[in-house]
Amino acid sequence: MGSSPIIELDAVSFRYGRREVLREVSVGIGDGLTFLVGENGAGKTTFFRLLLGAETPRSGRIDLLGQRTGRLSGTQLRRQIGYLPQDFSYPGHMRVRDFVAYMAWLRQLPTASIDEAVTKALATVGLADRAGERLDQLSGGMVRRAGIAQALVHGPQLLLLDEPTVGLDPGRRVKMRELLVELSATVAIVCSTHLLEDVDLTDGKMVVLAGSRVVYEGTSRAFGDLVRAGETTASTFASPLEQAFLRLTGVDGESE
Ligand SMILES: Nc1ncnc2c1ncn2[C@@H]1O[C@H](COP(=O)(O)OP(=O)(O)OP(=O)(O)O)[C@@H](O)[C@H]1O
């Protein structure tokens with residue numbers, strides 16, 4: 001994992017009205033794969049919206065790709081970042097290939113390169129053989145993969161994926177994790193999840209959000225070690241991984 005900071009937050013605070021979401025959060029994210037982990041409502045989507053300039057921090061500084069977020073133009077954002085929103089809505093009637101091509105065109109990829117870029121993006125996510133099908137003919141996991149294809153088709157420097165595993169069964173979540181690990185060799189990825197099973201504990205980095213703070217920032221391997229070394233009794237039903245998470249986040253049971 002490289003050390004160049006792609007995302008840097010310095011003492012960032014944000015609230016919706018009286019609801020505090022981030023309190024003086026400082027964190028740096030570099031190359032490779034980073035999992036942004038937090039319970040429902042922890043602020044993962046808000047974190048992405050702040051990066052994208054869709055929300056403005058109340059205080060603090062956010063640098064993205066070496067520039068202060070507010071100063072990046074819409075065009076720069078579209079070209080350099082690939083985003084898969086959590087509530088990924090897609091035109092079901094469109095064919096997979098046409099949809100990804102349309103998204104490439106929106107990101108202002110030169111027309112002459114679109115065909116090749118779409119073919120490459122669909123092959124990368126394992127959808128080459130479904131390119132001619134309508135999106136509403138795909139399974140949930142395939143739709144998410146089409147969502148990733150549209151996010152990376154224009155060759156961005158950074159992929160922001162908001163809960164790409166939502167609604168997927170355990171087998172498909174494992175496949176998604178494998179895909180992200182593979183992709184992260186060529187593009188920096190921040191992937192949010194509330195499911196610890198999604199995190200690759202052999203590689204990559206983790207940022208854990210809870211109580212408006214970053215409660216863990218480090219490699220996921222070190223988090224795994226922490227888990228194995230921990231002797232918590234947070235919940236007898238939780239796996240060791242969940243126990244460590246519950247201890248860090250101070251939550252024992254369902255939130256919200
Ligand atoms: N537009 C909004 N106005 C007011 N409160 C909001 C708004 N959007 C989010 N919130 C609140 O801010 C907090 C953080 O929400 P956010 O969607 O960022 O969390 P999350 O970690 O992405 O959650 P989830 O895993 O459920 O998607 C929650 O308490 C949520 O209810």
Side-chain angles (χ1 to χ4, degrees), residues 4-31 33-90 103 106-108 144 147-148 150-152 154 156-167 180 187-195 198-199 205-217 248-251 255-256:
S4 53
I6 289 175
I7 297 168
E8 262 193 312
L9 272 69
D10 182 22
V12 170
S13 296
F14 178 79
R15 52 175 65 236
Y16 293 107
R18 286 204 262 160
R19 177 171 292 143
E20 181 179 58
V21 183
L22 298 179
R23 189 188 322 146
E24 303 214 344
V25 164
S26 297
V27 69
I29 296 178
D31 285 338
L33 177 57
T34 302
F35 292 95
L36 178 64
V37 186
E39 298 275 315
N40 290 131
K44 303 179 294 297
T45 297
T46 304
F47 187 96
F48 285 145
R49 289 179 59 75
L50 283 161
L51 293 180
L52 293 166
E55 303 288 356
T56 309
R58 168 173 278 240
S59 58
R61 173 179 63 84
I62 303 177
D63 285 348
L64 187 63
L65 302 167
Q67 287 196 63
R68 204 60 48 89
T69 44
R71 294 196 198 137
L72 280 165
S73 69
T75 308
Q76 279 175 308
L77 278 173
R78 275 193 294 278
R79 284 202 182 142
Q80 295 174 4
I81 295 175
Y83 178 45
L84 176 65
Q86 185 178 357
D87 52 354
F88 168 52
S89 57
Y90 54 91
M103 296 308 286
L106 279 184
R107 267 73 163 268
Q108 299 177 344
R144 294 273 155 191
I148 293 177
Q150 67 78 28
L152 59 78
H154 57 305
Q157 282 177 261
L158 172 66
L159 277 186
L160 301 177
L161 308 177
D162 199 354
E163 304 237 20
T165 59
V166 157
L180 298 185
V187 59
I189 302 178
V190 182
C191 172
S192 77
T193 181
H194 64 277
L195 298 166
D198 288 344
V199 177
K205 206 178 139 184
M206 264 173 90
V207 171
V208 179
L209 278 179
S212 311
R213 301 249 187 209
V214 167
V215 294
Y216 179 85
E217 179 191 5
L248 275 170
T249 57
V251 179
S255 72
E256 298 215 336

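Everything quoted here is computed from the prediction, not taken from an experiment.
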_Under a 4.0 Å threshold between the charged nitrogen and the carboxylate oxygen, would Glu217 count as salt-bridged to Lys205?_
yes
*What is the minimum heavy-atom distance between Ile189 and Leu180, and which atoms define it?*
CD1-O, 3.6 Å
Measure the [atom1]-[atom2] distance between [X] and [Y] for me, rounded to the nearest 0.5 Å.
X     : Y      : atom1 : atom2 : value
Tyr83 : Leu152 : OH    : CG    : 16.0 Å
Leu50 : Ile62  : CG    : CD1   : 4.5 Å
Gln86 : Phe48  : CD    : CZ    : 9.5 Å

_Qualifying residues under salt bridge (charged side-chain N to carboxylate O under 4.0 Å, His left out), relative to Arg23, sequence neighbours excluded_ = Glu20
When you measure from the side chain of [X] to the backbone of [Y], do you find a donor-acceptor pair of N or O atoms at a distance under 3.5 Å?
X      : Y     : result
Ser26  : Ala11 : yes
Thr193 : Val37 : no
Lys44  : Leu36 : no
His154 : Gln80 : no

*Taking the side chain as every heavy atom from C-beta outward, state whether Val190 and Leu161 have any pair of such atoms under 4.5 Å apart.*
no
*asked:* Do Ile7 and Leu158 have side chains that approach each other closer than 4.5 Å (heavy atoms only, starting at C-beta)?
replied: yes
*asked:* For Phe14 and Tyr16, take the angle between the two ring planes, folded into 0 to 90°, and tell me which bin it lands in: parallel under 30, tilted 30 to 60, perpendicular over 60.
replied: perpendicular
_Between Arg79 and Gln108, do the side chains contain a donor N or O and an acceptor N or O under 3.5 Å apart?_
yes
*Please identify each residue that fulfils side-chain contact (heavy atoms from CB on, under 4.5 Å) with Asp63, with sequence neighbours left out.*
Glu8, Arg61, Arg68
